[in-house]
2 protein chains.
Amino acid sequence: MADAVRPEKASSQTLKGVLGVRDLVFSGTIAPGERLSEISVSEHLGISRTPIRAALARLEQEGILEAIPSGGYAVRQFSVADVADAIELRGVLEGTAARLAAERGITPSCLANLRQLIRDLDAAVTGPVETLDLDGYIAFNAQFHEMIAELSGSRIIQRELERVMQLPFSGPSAFLNAQTSVPAFRTSLVFGQMQHRAIAHAIEMREGARAEAVTREHARLARINLDFVLKDPALMQRVPGLVLVSN
Amino acid sequence: MADAVRPEKASSQTLKGVLGVRDLVFSGTIAPGERLSEISVSEHLGISRTPIRAALARLEQEGILEAIPSGGYAVRQFSVADVADAIELRGVLEGTAARLAAERGITPSCLANLRQLIRDLDAAVTGPVETLDLDGYIAFNAQFHEMIAELSGSRIIQRELERVMQLPFSGPSAFLNAQTSVPAFRTSLVFGQMQHRAIAHAIEMREGARAEAVTREHARLARINLDFVLKDPALMQRVPGLVLVSN
DNA sequence: GCGATACATCTTGTATACAACCACCGGGCG
DNA sequence: CGCCCGGTGGTTGTATACAAGATGTATCGC
């Protein structure tokens, strides 16, 4: 999603390889645990082995592939516990980012942006549940979490947070798309937005401990959504990364 | 140090490349911010460009190089604040690992291992400060921190913790080597060991909050050591990664 | 004299050919 | 009949050759 705007070093073929293999994995063409050979991938995508090699290495550090001891890569397999841990980890890191933002203070202009974002999110969830602007909420929600990372004022934390969110199911919007049709879920967005306000307020008031605690708890919303989605196979298929989860 | 025992996928040439470039960077041959071209590195190490390319990509995700927008890599430059943040980050992650270990509980055999490690560390710091077994302490200390990561019972956390420790100055033993000659430092080891005991006790007693808090604070010892080392250029040179720190 | 454009050189990105390694399979020997 | 050993296929690891892009410089025009 946001990865499309990351030129980094992949000019063309390598990027094609990354995207292609990602699709191969998330579409379920290659089963979790299955080994994938450079040559077959390169033939399948019509790209030479060299960029495929680079793409595979990238995807390994991205977390959806794992290196095999004897060489080569296999599709990484996740358990439900892994997903829960990834969510917990995101909560811990975002909580730290929020705490640092509160402790170190943020500039007035940043505060203005933060408040604007809160207003945008408010607008998206205000009114009767039927008229919620879900797409807008998802976009602003992603922006909000991105901003928390920035406000920490720490390149190191920011970088690590970006890394953790690369896992397909640990992002803040991972389970949102799946549940558009579930009524109870929509009201939970309102609750999530209350937490957003609390986080922003804590940062503004420089209440570090509160900012951290609330942000951590906020991430556990994803955990709840995960449990919910797991009960319904139809919903599971709408969460892209969940094909990697075994049991 | 512990990287030598990581075959992963680098059989020979790529590994040589990683080690070679690492040395080039840490020896100060290449200044922070300086661009390093594949061809010059490949000539310098007598290796073809292909494995060098892989090595450079590895070192980028390891954190000591950064990708240049126009292609290629440069030696990453760190500020003192970055180092402090990396230490904070390690504390947060280790704290989480310790909390999870406490909350989820550990097996009796793991507990026995943990206690044994505490005894080993005790033995290394017992007695007059002149006779401290510093090398032993460093080794057991590294083992202790590794064990905390394992006890979390989470592959995800463990993997992330390993990643963060790859930064040369964020490991638990990063500043220990440098200060063998400083008397005041040695007594701080005793204090650190008290924290080790508290962490182990908290995990055993399943006191998650305490385990997390103490482990976080324990990491800040490194922060103190950092401030101390920064005052003395002679000491700075004994911490390998500190050549990457600019101001 | 200054700016812009075109060229030259160096850089990385890509493709392909070769070598080494691992694993599997078959046959022979104990 | 089982185990060990050697061959063979396929895989990844490495080297090199080529193409495309970027950057810096020099020259030409204004």
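Naming: A, B, ... by sequence-line order, numbering from 1 per chain.
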Q: Could you tell me whether the side chain of A:Arg76 and the main chain of A:Gly63 form a donor-acceptor pair under 3.5 Å?
A: yes
Q) Rounded to whole angstroms, how far apart are CD on A:Glu43 and C1' on D:dT11? A) 13 Å
Q: Calculate the interatomic distance between A:Ile39 atom CD1 and D:dG13 atom P; express it in whole Å.
A: 13 Å
Q: Applying side chain to side chain donor-acceptor pair (under 3.5 Å), name anything that partners B:Arg238, two or more places apart in sequence or on another chain.
A: none
**Q.** Divergence of helical axes at both termini of the helix from C:dG1-D:dC30 to C:dG30-D:dC1 - five pairs an end, 10° steps
**A.** 10°
Q. So which nucleotide from D:dT14, C:dG13, C:dA15 ends up closest to the side chain of B:Arg53?
A. C:dG13
Q. Got a donor-acceptor contact below 3.5 angstrom from the B:Ser37 side chain to the B:Ser40 backbone?
A. yes
Q: In whole angstrom, give the distance that lies between atom CG of B:Leu65 and atom P of C:dT12.
A: 12 Å
Q.
When you compare the side chain of B:Phe78 with that of B:Leu167, does any pair of heavy atoms fall below 4.5 Å?
A. yes
Q: Examine the base of D:dT11 for any acceptor or donor lying under 3.5 Å from a partner atom in the side chain of A:Ser70, and report the outcome as yes or no.
A: no
Q | Of A:Ser37 and B:Arg49, the one whose closest DNA chain D nucleotide lies more 5' | A | A:Ser37
Q) Does a donor on one side chain and an acceptor on the other come within less than 3.5 Å for B:Thr29 and B:Ser27? A) yes
Q. For the pair made of OH in B:Tyr73 and P in C:dT11, what is the distance, rounded to whole Å?
A. 16 Å
Q: Would you mind telling me which of D:dT12, D:dA15, C:dA15 lies closest to the side-chain atoms of B:Ile47?
A: D:dA15
Q: Report the residues that fulfil ring-ring contact (aromatic ring centres under 6.0 Å, His included) with B:Phe228, sequence neighbours left out, ordered by chain and then residue number.
A: none
Q | Whole-Å gap separating C1' (D:dT12) and CD (A:Glu60) | A | 15 Å
Q.
For B:His196 and B:His218, take the angle between the two ring planes, folded into 0 to 90°, and tell me which bin it lands in: parallel under 30, tilted 30 to 60, perpendicular over 60.
A. perpendicular
(Q) Starting the side chain at C-beta, find the nucleotide from D:dA15, D:dG13, C:dT14 nearest to B:Thr50. (A) D:dA15
(Q) If you assign each of A:Ser48 and A:Arg35 to its closest nucleotide in DNA chain C, which residue comes earlier from the 5' end? (A) A:Ser48
Q.
Need one value for B:Leu56: base, sugar-phosphate or nothing, where a base atom within 4.0 Å counts as base even if backbone is also close, heavy atoms only.
A. nothing
**Q.** Touch class at under 4.0 angstrom, heavy-atom based, for B:Ile52 against every strand present
**A.** nothing
Q: Measure the distance from CD on B:Gln13 to C1' on C:dA19 and round it to the nearest whole Å.
A: 12 Å
Q: Look at A:Ser12 and C:dT14 and indicate whether a side-chain polar atom (N or O) is within less than 4.0 Å of OP1 or OP2.
A: no
Q. How many Å lie between NZ on B:Lys16 and C1' on D:dG13, as a whole number?
A. 13 Å
